[in-house]
There are 2 protein chains.
Amino acid sequence: MGVKTMLRAIFPAPDHDHKRCTSTAIAHAEARCAARAQRLTPIRRHVLETLLASHNPLGAYEIIERMADKKGRPAPITVYRALDFLRDNGLVHRIESRNAFVACVHNHSGDALIVFLICERCGAVGESPGDAVAQALKASSRAAGFSPKSPLIEIVGICSHCRQR
Amino acid sequence: MGVKTMLRAIFPAPDHDHKRCTSTAIAHAEARCAARAQRLTPIRRHVLETLLASHNPLGAYEIIERMADKKGRPAPITVYRALDFLRDNGLVHRIESRNAFVACVHNHSGDALIVFLICERCGAVGESPGDAVAQALKASSRAAGFSPKSPLIEIVGICSHCRQR
DNA sequence: CGCTTCTTGCTGCAGTGCAACATAAAAAGG
DNA sequence: CCTTTTTATGTTGCACTGCAGCAAGAAGCG
């Protein structure tokens, strides 16, 4: 696997096959919900699609904006409830440092640590493999008698695409 | 340095000499502001003292509550401005995942990575040495062509004091 | 069909955070 | 010492975030 391919896997390149990556993610969401006997209702699917269409984190009210059509817009609580559902099922992550949400494009195995790399220039969010970081964190935590739980950390910086400009 | 001492350095024990740790922190704040030609005004000092008195992260409006007296309470913006000042000078950290603020009890050297260990039971926040984690993160980021900036990560879990109960 | 459970719609509100402008206080300069 | 400039605080107001609580509708099940 070349470097370029690897980068693509982490930060979605601007020119990637977006239609395909979206449909893959939706299919994955359907499969996961079916396996868990959860219902991916039209609203929930619509919220997920909205996030997938952006590839960048969106605030709740930004999602509402983008979901609006002639028939009006969903109420905030409606979107929040859909987001709760999607998060519970590992299909969406919340970016704490931005009060925003992003669709998950990977199959996370249970409790693996996730490292979000957030570009402060373009706002893109990449997910980095965090095994080594997880090890270091675990060791560091244990030294403090601490039992970590949340496998999710956020790092702000500049992404490869923005730096090359 | 024994383990117990080390733990104390990370999670303040419930029975530690709080008066002393507070006055030390205030003295440090004064020194740092003096060195930077910044003014630790009464309001800013009061906000810092409020945070120090808690040792746990406080929301902005919780700070306002605790600062209230017969003469009324500070306006939100007043507290936010003081918090901005204290953060700019490295005396206070913002806990993103909680929309809360905590007084910093260490002398952070410039750009060292800070790991916050947040106890989900008692809400206490400890700071863990993050050198190993920082190394792993740097390596992981570089693999993605990413230049990290914010040296601050938050881990939720159970602290040693709560687990022992 | 009737019951339970899940989902959505609706109203309302509490917490967060700051913009914009006015005023006071402190530092700098002559 | 007084003026000018900078810095800090006060005041009003508002936009955004997130959810509680209740009512109504839809889906699954015996």
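On a predicted model such as this, the values are computed, not experimentally measured, just so you know. So that the names make sense, note that chain A is the first sequence line, chain B the second, and so on, each numbered from 1.
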Report, one line per pair, each donor and acceptor closer than 3.5 Å where one atom sits in a side chain of residues 69-80 of chain A; sequence neighbours left out.
unit_1  : atom_1 : unit_2  : atom_2 : d
A:Asp69 : OD1    : A:Lys71 : N      : 3.0
A:Arg73 : NH1    : A:Glu65 : OE1    : 3.2
A:Arg73 : NH1    : A:Glu65 : OE2    : 2.6

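- The side chain to side chain contact (heavy atoms under 4.5 Å, CB included) test applied to A:Ser97 returns A:Ile95, A:Ile118, A:Glu154, B:Glu96, not counting sequence neighbours.
- Evaluation of the side chain to side chain contact (heavy atoms under 4.5 Å, CB included) rule for A:Arg87 yields A:Asp84, A:Val92, A:Arg94, A:Phe101 as partners, not counting sequence neighbours.
- By the side chain to side chain contact (heavy atoms under 4.5 Å, CB included) test, B:Ala34 pairs with no residue at all, sequence neighbours left out.
- Pairs passing the salt bridge (charged side-chain N to carboxylate O under 4.0 Å, His left out) check and including a residue from residues 37-55 of chain A, sequence neighbours excluded, read A:Glu30-A:Arg45.
- Rounded to whole Å, atom P of D:dA8 lies 15 Å from atom CZ of B:Arg45.
- Under the rule for a side chain to side chain contact (heavy atoms under 4.5 Å, CB included), the partners of A:Arg121 that lie at least two apart in sequence or sit in another chain are A:Cys119, A:Ile158, A:Cys162, A:Arg165.
- Close approach of DNA chain C to chain A, defined as any atom under 4.0 Å from a non-hydrogen atom of the protein, starts and stops at C:dC6 to C:dC10.
- Note that the two end axes of the helix from C:dC1-D:dG30 to C:dG30-D:dC1 enclose an angle of 30°, each drawn from 5 base pairs, rounded to 10 degrees.
- Scanning for salt bridge (Lys or Arg N to Asp or Glu O under 4.0 Å) contacts around B:Arg98 gives an empty result, with sequence neighbours left out.
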> Base, backbone or nothing for each nucleotide of nucleotides 10-23 of chain D, written B, S, -, heavy atoms under 4.0 angstrom, 5' to 3'?
Replying inline: BB-----BBBBB--
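- Counting only residues at least two apart or on different chains, the ring-ring contact (aromatic ring centres under 6.0 Å, His included) pairs with a member in residues 55-79 of chain A are A:His16-A:His55, A:His18-A:His55.
- Considering only side-chain N and O atoms, A:Arg39 lies nowhere under 4.0 angstrom from the phosphate OP1 or OP2 of D:dG28.
- Interatomic distance, B:Thr50 OG1 to B:Ile64 CD1, rounded to the nearest 0.5 Å: 11.0 Å.
- Annotation: ring-ring contact (aromatic ring centres under 6.0 Å, His included) contacts of A:His46 (sequence neighbours excluded): none.
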